[in-house]
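Both counts, for ligands and for their atoms, begin at 1 and track the order of listing.
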Amino acid sequence: MRNRVEVMHGVNLDQLGRRDPAHYGSLTLEELELQISGMARELGLEVRFLQTNHEGKFVEHLHRLSGLTDGIVLNPGAWTHYSYAIRDALELTGLPAIEVHLSDVDAREAWRRNSVITDLCLKRVSGKGPDGYRDALERLKAEFAE
Ligand code: DQA
């Protein structure tokens, strides 16, 4: 039974708690990860986390995931909007993935509406804050049960 999920946070997500609370709320990344761990436990999923501000590290982590996890929840931060390197690496994993954004990216600046990974993902969740991660985990759980 597949139950392993890699939760990947990209650039500037380590600054949660200092970023505009109107968009991102007031949780720190550590607090957010704790909440996600609780959600995963309730769903019977096993989560591991990565956050980095280095695009190459994010890419290399994706390279290593095959066989180590069953699915990916990723919030690449601003890389979402332009990093074809991350897109290519995500595609290479061949793993089911869900794109998450804390803020409502479609209701902000025009450049945030573009995502170079959406079509590779089973689902895109945006503007639901931490609860968006529950939606993402539930969607992966449903996928694992297929
Ligand atoms: C974000 C939205 C991105 O546009 C932004 O660059 C981020 C965070 C979000 O979670 O809402 O860093 O991915």
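- Here is the list of ligand 1 atoms found below 4.0 Å of a heavy atom in N75: 1 (C), 9 (C), 10 (O), 13 (O).
- If you check which protein heavy atom lies closest to atom 1 (C) of ligand 1, you get H101 ND1, 3.7 Å.
- Closest to atom 11 (O) of ligand 1, if we only count protein heavy atoms, is S103 OG, 2.6 Å.
- In this structure, the side chain of H81 engages the main chain of N114 through a donor-acceptor pair within 3.5 Å.
- Here R113 does not pair with D106 in a salt bridge; the nearest charged N to carboxylate O distance is not below 4.0 Å.
- Assignment of R19 to the shell around ligand 1 is supported, since a heavy atom sits closer than 4.0 Å.
- Considering each of V11, L102, T80, the one bringing a non-hydrogen atom nearest atom 9 (C) of ligand 1 is L102.
- The shortest N/O to N/O separation between A78 and ligand 1 falls below 3.5 Å.
- Nearest protein neighbour of atom 2 (C) of ligand 1, counting heavy atoms only, is V105 CG1, 3.6 Å.
- K128 and D135 are joined by a salt bridge, as a carboxylate oxygen and a charged side-chain nitrogen come within less than 4.0 angstrom of each other.
- Look at N12 and you'll find every heavy atom at least 4.0 Å from all atoms of ligand 1.
- Neither the backbone nor the side chain of H23 has a heavy atom within less than 4.0 Å of ligand 1.
- Looking only at protein heavy atoms, the nearest one to atom 5 (C) of ligand 1 is R112 NH1, 3.2 Å.
- Using modelled atom types, no side-chain atom of R2 and backbone atom of G71 make a donor-acceptor pair closer than 3.5 Å.
- Atoms of ligand 1 lying under 4.0 Å from any heavy atom of H81, numbered from 1 in the order shown and given with element: 3 (C), 4 (O).
- For the atom pair NE2 of H61 and CG of L74, the computed distance is 11.0 Å after rounding to the nearest 0.5 Å.
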